[in-house]
Protein chains: 2
Amino acid sequence: MARSGVPPSGGGGDKAVRADARRNRASILEAAEAVFAEQGASASTEAVAAHAGVAIGTVFRHFPTKPDLLQAVVMNLLDRLITEVDAMVENQGAVTALFEFCTRVMAVSARNRAVLARLAETGVQVRVGDALTRLRPAIDVLLERAQKAGTVRGDLLPTELVALLAALCQGALTDAWSEPFRQRMLTLLFDGIRPTARR
Amino acid sequence: MARSGVPPSGGGGDKAVRADARRNRASILEAAEAVFAEQGASASTEAVAAHAGVAIGTVFRHFPTKPDLLQAVVMNLLDRLITEVDAMVENQGAVTALFEFCTRVMAVSARNRAVLARLAETGVQVRVGDALTRLRPAIDVLLERAQKAGTVRGDLLPTELVALLAALCQGALTDAWSEPFRQRMLTLLFDGIRPTARR
DNA sequence: TTGCGAAAATGAGTATGACTCATTATTTAT
DNA sequence: ATAAATAATGAGTCATACTCATTTTCGCAA
């Protein structure tokens, strides 16, 4: 699947993107998030264009199809969440434990449930897993540290942890898990991850 | 949310549903499943009508909106899966263990991934959790039996088990987990569910 | 500053597909 | 057989995703 948006220049950090183009792209994304959050993903592209203060053709120049636009909105949102979590990990430094980390990931994604659910409702792929992949560096470190400390079973692969965490986040999103319930689910997950059960 | 389809008679098992209506409803559902599986959920209602050999108005009589139709297709499919699993449990009698049961639920839902994913892709709510709720009787029995036997922690509520299992099924569907990976995920889940860890 | 080529924006127009409804056909009960 | 009720029909309406010829804006160099 090709990364949507930005028709010109396929590569990484090509220059020569006109200022107005960048500005409009940003406005459109912002407008789209607001409009979709309010009216659901079935809101018309015209509405988005109007809200962003551009003509409809401009929207389609940046995001050739409506799914592309929706996808971009989700990506943008998840990116921000990821950044937020990443910052938290940085700030906490070596102290942040794996459990704490998972708790935060779930909390952060659950906080934006309104928008995300609204989008998912009307057919957007909200792939938490894909987003989590961008946290892999942090996850790798935390997991290895936990395994060295003996608080997590040694045969657990990062991929597996990501899959489980993604599944729980997804569940929390679609089924609107409450904060205590999320905590409980994590506890259950971790008691299965621990090498020695104490109960 | 009201059960979609069947506009006349809201109650349980009212009679007085004309034979042709029942026949057409079935054809439409069957046709819809085939068409959506092949072309994705964005296939036109006209295509479904054509495939079912009815006029487009008939489709809309039975399923007032397109989401209604999609939802009905999913319900129908999940219902069949549930029935299948239920039958398995019956046949195995008291021998079927909880782990075995979960394995089967996941296998059965994964088998229909093609259709379900195709639908989910274009915005249908595939709520595995809702479907699982219909298995509650079986689940309650299996869980209690397991708890009495001491193979599962005593404080685990049926609701929690359903949530976890649903989350895993959902993950298996959206991320196309392989058979061994599904097994591994269940193992991890169960080691967290066990009262005494042995490893 | 001004001129120019390239990139971007515009928005009326097109195509498609969801949904309606007046009319016609079928079913069921008497 | 007949009538009343229910269902099926499908041409037409309307909303909206998407196109493209034209106009505007940008960025750069002389």
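Note: hydrogens, waters and symmetry copies are ignored here, and every other heavy atom, side chains too, is used. Quick note on labels: first sequence line is chain A, next is B, and so on, each numbered from 1.
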Rounding to a whole Å, what distance do you find between R22(A):CZ and dA7(C):C1'? 13 Å

Nearest-angstrom distance from the residue atom CZ of R25(B) to P of dT26(C): 23 Å

Give the nucleotide from the list dA17(D), dT10(C), dT27(C) with an atom nearest to the side chain of V54(A). dT10(C)

OP1, OP2 of dA8(C) versus side-chain N and O of H62(A): anything below 4.0 Å? no

Are E84(A) and R80(A) close enough for a salt bridge, meaning some N to O gap below 4.0 Å? no

Hey, does the side chain of N24(A) come within less than 4.0 Å of dA8(C)'s phosphate (OP1/OP2), counting only N and O? no

Counting side-chain heavy atoms from C-beta on, which of dT16(D), dA9(C), dA8(D) comes nearest to D20(B)? dA8(D)

With a non-hydrogen cut-off below 4.0 angstrom, is T58(B) in contact with a base, only sugar-phosphate, or nothing? base

Among dG10(D), dA17(D), dG17(C), which nucleotide sits nearest the side chain of A55(B)? dG10(D)

With rounding to the nearest 0.5 angstrom, report the CG to CG distance, L132(B) to L164(B). 11.0 Å

How close or far is atom C1' of dG17(C) from atom CG of L70(B), stated in whole angstroms? 14 Å

Closest listed nucleotide, where the reference is the side chain of T65(B) and the choices are dA17(D), dA8(C), dC19(C): dC19(C)

Would a distance-only check, ignoring hydrogens and angles, find a side-chain to backbone donor-acceptor pair under 3.5 Å from Q147(B) to G154(B)? yes

Please tell me which of the listed nucleotides, dA7(D), dG11(C), dA8(C), lies nearest to the side chain of R61(A)? dA8(C)

Could you tell me whether the side chains of T65(A) and D68(A) share a donor-acceptor contact shorter than 3.5 Å? yes

So R23(B), base contact, sugar-phosphate only, or nothing? Heavy-atom distance under 4.0 Å. sugar-phosphate

Grab the CD-P distance between Q39(A) and dA15(D) for me, whole Å please. 15 Å

Just to be sure I understand the rule, does A43(B) reach a base, reach only the sugar-phosphate, or reach nothing, if contact means heavy atoms closer than 4.0 Å? sugar-phosphate

Would you mind reading off the distance between I56(B) atom CD1 and dT13(D) atom P, rounded to a whole angstrom? 15 Å

Check whether any side-chain N or O of T45(B) sits under 4.0 Å from OP1 or OP2 of dG17(C), and answer yes or no. no

Taking atom types as modelled, find out whether S27(A) and N24(A) have a side-chain donor-acceptor pair closer than 3.5 angstrom. no

Rounded to whole Å, the CD-P distance (E46(A) to dT14(C)) equals 16 Å

Between atom CZ in F63(B) and atom C1' in dA7(D), what is the gap in whole Å? 14 Å

Just to confirm, is there a sub-4.0 Å distance from OP1 or OP2 of dA8(C) to any side-chain nitrogen or oxygen of R18(A)? no

Assign each of A19(B) and G57(B) to its nearest nucleotide of DNA chain C by heavy atoms, then name whichever residue's nucleotide is nearer the 5' end. G57(B)

